[in-house]
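Pasting in a structure now, in structure tokens, and then I'll have a few things to ask.
Order of listing sets the numbers, starting from 1, for every ligand and every atom in it. Just so it is clear, the values below take in all heavy atoms, side chains as well, and ignore hydrogens, waters and symmetry mates.
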Amino acid sequence: MRVFLIGMMGSGKSTIGRILSSVLDKKFIDMDSEIERAKGMSISEIFEKEGEKEFRRLEKNLLKELVRSDEIVVSTGGGVILDNENRQTLKGENSIYLRLPPADLYRRVSVKGRPLLREGKESIFRIWEERRELYEQFPSVDTSSQTQWETVAAISMKIAAGERKTLNSSSHPVSISPGGFKSIGRMPNTVVSKRVQRIFSEWIPSSAFSIDDGEEAKGFHTLFQIYEYLMDRGVSRSDMVVGAGGGTVTDLVGFASSTFKRGVPITLYPTTLLAQVDASIGGKNGLNFEGCKNVVGNFYMPYETIIDPVVTLSMDEGRFEEGLVEAFKIFLITGRWYENFKSRCRDLKNRNLRALSEMLEEAVRQKDRIVAIDTRETGMRRILNLGHTLGHLYEPLAGVSHGMAVAWGLEREMHYFANLGLIDEEMYREVSETLSEIVGLDFPQLPVEDALRLLRNDKKATTSESMEIEIPLVRKPGSFEFAKVRLDDLLAVVV
Ligand SMILES: NC(=O)c1ccc[n+]([C@@H]2O[C@H](COP(=O)([O-])OP(=O)(O)OC[C@H]3O[C@@H](n4cnc5c(N)ncnc54)[C@H](O)[C@@H]3O)[C@@H](O)[C@H]2O)c1
Ligand SMILES: Nc1ncnc2c1ncn2[C@@H]1O[C@H](COP(=O)(O)OP(=O)(O)O)[C@@H](O)[C@H]1O
Ligand SMILES: O=C(O)C1=C[C@@H](OP(=O)(O)O)[C@@H](O)[C@H](O)C1
Ligand SMILES: [Mg+2]
């Protein structure tokens, strides 16, 4: 497959092209750089010494060469579309126009290395006016007020085939499907995260209801909005409801569908990595109440979960990596894919789609196996709480997100058990280094009183007066148990 990025100077073709090539495992080619290398001079020098006409001849010949290659992402020069033959060639390819209003281009573009702007940056407005109809002959993504990752995600979604691999999961049907998110367009009763709706609006049905997400939104106020939407849509038990968003959305819509008319079917489209490896698998749902996490909820298996790694590409730095932490936690517990994870960590952090799809398939299979054995968390499923005991202190007291808190909690719990000699130093160091590589470990010291109060209220503590709590212990990858620990000893590693 070949992908060509077209658009005005400054629209981001070279920047986005480099990132996109790493995501798609393809060779990156920047046409301007190729021409400069072949000629041994800069674009400006070519324009000056040999004229624009010669530059366009070189550009045209290079394009003819490139369409004979494969597995490439090409950032074209802004003027490649001026030649009709070039346009016809590009129309036969996966060509995407990075669309941006001229005012944004003006703010973004630098004159340096762009001879057509030698009269001044304001020339960008004239050039844009002259060319806009040529660019608009191509499929486009709007890159105005989009992050670079959101632009990469929108392009990747456009070109993703949507092939689906259904896992023979036992708790509920799950498919891994790069581009499968696009099937949401056929779903009539969709509740979607506002941010996801903005990024992937091309595929979200107009009948969808977009909601705020995040912990603040994960409460009865949003739940009642969802009930009202389902009422307005006349949803009955023979209809399908869709929840598309991160874990707060899949939890909310999961609970709403489990209680609306005593239960209507739900299909989940988890759109964060954390929701894909964890929140959307296993039927747990819930909402926060009176400042307490997940204090209302139940177990309700979705009709299906569609996991599309492409949709996670748009996530903010930091939030994306939190999903890697939850996956690493599962591989640490089961021992499977643990070595693979460490060796693929850089590819995973670079959001390489092939690595993500393989990782997701393994993580989902393993969580599904645990859930199938102990759906209602009376035994083995509690192991998934690894890192959450101390994580539930960091989340409110350090004011960090759930995923980051779990990373810090996992590292501190491993540190605690290493101090007791229950896990060897090498194991602790390996886990700590991996977590540090994924999200960094600059956690703060916590205030003693608040930390002790929260620890005593942890739902695993036997009684609030007790000074003991039973928490998961992983002695080595794949070997786990539950260990009774004293609250004040555990507290010592976080205060
Ligand atoms: N039910 C379960 O088994 C389970 C398990 C783990 C966590 N959870 C719950 O999940 C929640 C955490 O989930 P989360 O980390 O997904 O949080 P989230 O739903 O708050 O999403 C995090 C942020 O990512 C944004 N976002 C979502 N999809 C995006 C995309 N494709 N591109 C860019 N931004 C995107 C959201 O707008 C939000 O700002 C917590 O409430 C936790 O309790 C539930
Ligand atoms: N999505 C984006 N948001 C903000 N700035 C961007 C974005 N994409 C690229 N840029 C910046 O815009 C400038 C031009 O990008 P570049 O890739 O050189 O554009 P082109 O190759 O289309 O001329 C660079 O400074 C780049 O960092
Ligand atoms: O728009 C144009 O005609 C041009 C854009 C430039 O590439 P970028 O779009 O990467 O700046 C480069 O090919 C040359 O300066 C001509
Ligand atoms: Mg460029």
Side-chain angles (χ1 to χ4, degrees), residues 3-23 28-39 41-63 66 72-84 86-87 90 95-135 138 140-156 198-199 313-317 351:
V3 182
F4 288 83
L5 302 184
I6 64 173
M8 279 290 290
M9 289 173 270
S11 56
K13 303 181 295 297
S14 299
T15 308
I16 298 298
R18 188 176 308 285
I19 302 170
L20 186 67
S21 63
S22 161
V23 164
F28 174 59
I29 293 169
D30 185 282
M31 288 183 69
D32 286 346
S33 308
E34 286 301 301
I35 292 169
E36 288 178 330
R37 195 185 353 267
K39 289 293 288 179
M41 59 174 101
S42 72
I43 300 286
S44 300
E45 286 168 324
I46 298 171
F47 268 67
E48 199 181 314
K49 293 178 181 155
E50 304 187 7
E52 180 175 353
K53 193 159 177 267
E54 173 56 9
F55 173 76
R56 296 301 173 200
R57 187 187 68 78
L58 295 167
E59 191 175 52
K60 185 168 187 170
N61 289 345
L62 177 55
L63 183 61
L66 290 175
I72 53 175
V73 170
V74 180
S75 295
T76 65
V80 73
I81 42 80
L82 293 171
D83 176 280
N84 180 49
N86 288 352
R87 287 198 300 277
L90 288 165
S95 297
I96 308 281
Y97 164 32
L98 302 192
R99 186 162 30 90
L100 198 63
D104 290 350
L105 284 169
Y106 179 80
R107 273 193 292 276
R108 204 188 268 182
V109 78
S110 66
V111 175
K112 187 171 171 297
R114 293 184 167 100
L116 291 180
L117 301 182
R118 59 182 171 278
E119 308 296 319
K121 233 164 79 154
E122 51 291 340
S123 320
I124 202 92
F125 294 101
R126 170 183 53 77
I127 296 171
W128 179 78
E129 203 51 58
E130 289 164 359
R131 296 180 181 178
R132 59 183 299 183
E133 282 172 13
L134 302 180
Y135 291 125
F138 292 89
S140 67
V141 293
D142 176 1
T143 77
S144 56
S145 65
Q146 295 264 46
T147 65
Q148 295 181 9
W149 278 117
E150 288 174 340
T151 300
V152 168
I155 297 168
S156 303
R198 171 177 64 78
I199 302 165
L313 294 175
S314 46
M315 289 187 71
D316 290 340
E317 311 267 343
R351 309 191 190 188

Legend entry - Per-atom contacts, ligand 3 versus Arg56 - under 4.0 Å to a heavy atom: 2 (C), 3 (O), 16 (C)
Inset, instruction - Answer side chain, backbone, both or neither: which part of Leu116 comes under 4.0 Å from ligand 3, heavy atoms only. - result: side chain
Inset, instruction - Just need the protein heavy atom nearest to atom 6 (C) of ligand 3, so name the residue and atom and give the distance. - result: Asp32 OD2, 3.5 Å
Inset, instruction - Give the residue, atom name and distance (to 0.1 Å) of the protein heavy atom nearest atom 14 (C) of ligand 3. - result: Ile43 CG2, 3.9 Å
Inset, instruction - Pull out every atom of ligand 2 sitting under 4.0 Å from any heavy atom of Met9, numbered as shown with elements. - result: 23 (O)
Legend entry - Contact flag Thr15/the Mg ion (ligand 4), N/O/S atoms, threshold under 2.8 Å: no
Legend entry - Distance-minimising heavy-atom pair for Val73 and Gly17: CG1-O, 3.6 Å
Inset, instruction - List the atom of Arg18, the atom of Ser21, and the distance in Å for their closest heavy-atom pair. - result: O-OG, 2.6 Å
Legend entry - Per-residue contact class, Arg118 against ligand 3 - non-hydrogen pairs under 4.0 Å: neither
Inset, instruction - For atom 2 (C) of ligand 2, grab the closest protein heavy atom and report residue, atom and distance to one decimal in Å. - result: Arg108 NH2, 3.3 Å
Legend entry - Side chain, backbone, both or neither: the part of Met31 lying under 4.0 Å from ligand 3 by heavy atom: neither
Legend entry - Note: Lys39-Glu50 ion pair, threshold 4.0 Å (strictly below): yes
Inset, instruction - Identify which of Met8, Gln146, Arg114 has a heavy atom lying nearest to atom 23 (O) of ligand 2. - result: Arg114
Inset, instruction - Starting from atom 22 (O) of ligand 2, find the nearest protein heavy-atom neighbour and note its residue, name and distance. - result: Lys13 NZ, 2.7 Å
Inset, instruction - Over all heavy atoms of both residues, which pair between Leu58 and Ile46 is shortest? Give the atoms and the distance, please. - result: CD1-CG2, 4.3 Å
Inset, instruction - Indicate yes or no: does an N/O atom of Gly78 lie under 3.5 Å from an N/O atom of ligand 3? - result: yes
Inset, instruction - Measure across Met31 and Leu62 and return the closest heavy-atom pair with its distance rounded to 0.1 Å. - result: O-CD2, 3.7 Å
Inset, instruction - Please confirm whether Gly10 comes within less than 3.5 Å of ligand 2 when only nitrogen or oxygen atoms on both sides are compared. - result: yes
Legend entry - Closest approach of Gly113 to Ile43 (non-hydrogen atoms, all atoms of both residues): O-CB, 4.4 Å
Legend entry - Heteroatom proximity flag, Gly7 to ligand 3, N/O under 3.5 Å: no
Legend entry - Gly77 neighbourhood, listing ligand 3 atoms whose heavy-atom distance to it stays under 4.0 Å: 7 (O), 9 (O), 13 (O)
Inset, instruction - Can you label the angle between the Tyr135 ring and the Tyr97 ring as parallel, tilted or perpendicular, going by 30° and 60°? - result: parallel
Legend entry - Carboxylate-amine/guanidinium contact Lys49 Glu54, below 4.0 Å: no
Inset, instruction - Check each atom of ligand 3 against the heavy atoms of Arg131 and keep those under 4.0 Å away; list them by number with element. - result: 1 (O), 2 (C), 3 (O)
Inset, instruction - Measure the distance from atom 19 (O) of ligand 2 to every protein heavy atom, then report the residue, atom name and distance (to 0.1 Å) of the closest one. - result: Gly12 N, 3.1 Å
Inset, instruction - Using only heavy-atom distances, determine whether the side chains of Asp104 and Ser144 contain a donor-acceptor pair under 3.5 Å. - result: no
Legend entry - Subset of ligand 3 atoms that lie under 4.0 Å from at least one heavy atom of Pro115: 15 (O)
Legend entry - Proximal atoms of ligand 3 relative to Lys13 (non-hydrogen, under 4.0 Å): 8 (P), 9 (O), 10 (O)
Inset, instruction - Please report the shortest heavy-atom distance between Met9 and Ile124, naming the atom on each side. - result: O-CD1, 3.9 Å
Legend entry - Nearest non-hydrogen protein atom, atom 24 (C) of ligand 2: Thr15 OG1, 4.2 Å
Inset, instruction - Taking only heavy atoms of Phe55 into account, list the atoms of ligand 3 that are under 4.0 Å away from them. - result: 13 (O)
Legend entry - salt_bridge(Arg56, Glu59) N-O dist < 4.0 Å: yes
Inset, instruction - Indicate yes or no: does an N/O atom of Ile16 lie under 3.5 Å from an N/O atom of ligand 2? - result: no
Legend entry - Any N or O of Thr143 closer than 3.5 Å to N or O of ligand 2: no
Legend entry - Nitrogen or oxygen atoms of Thr76 and ligand 3 under 3.5 Å apart: no
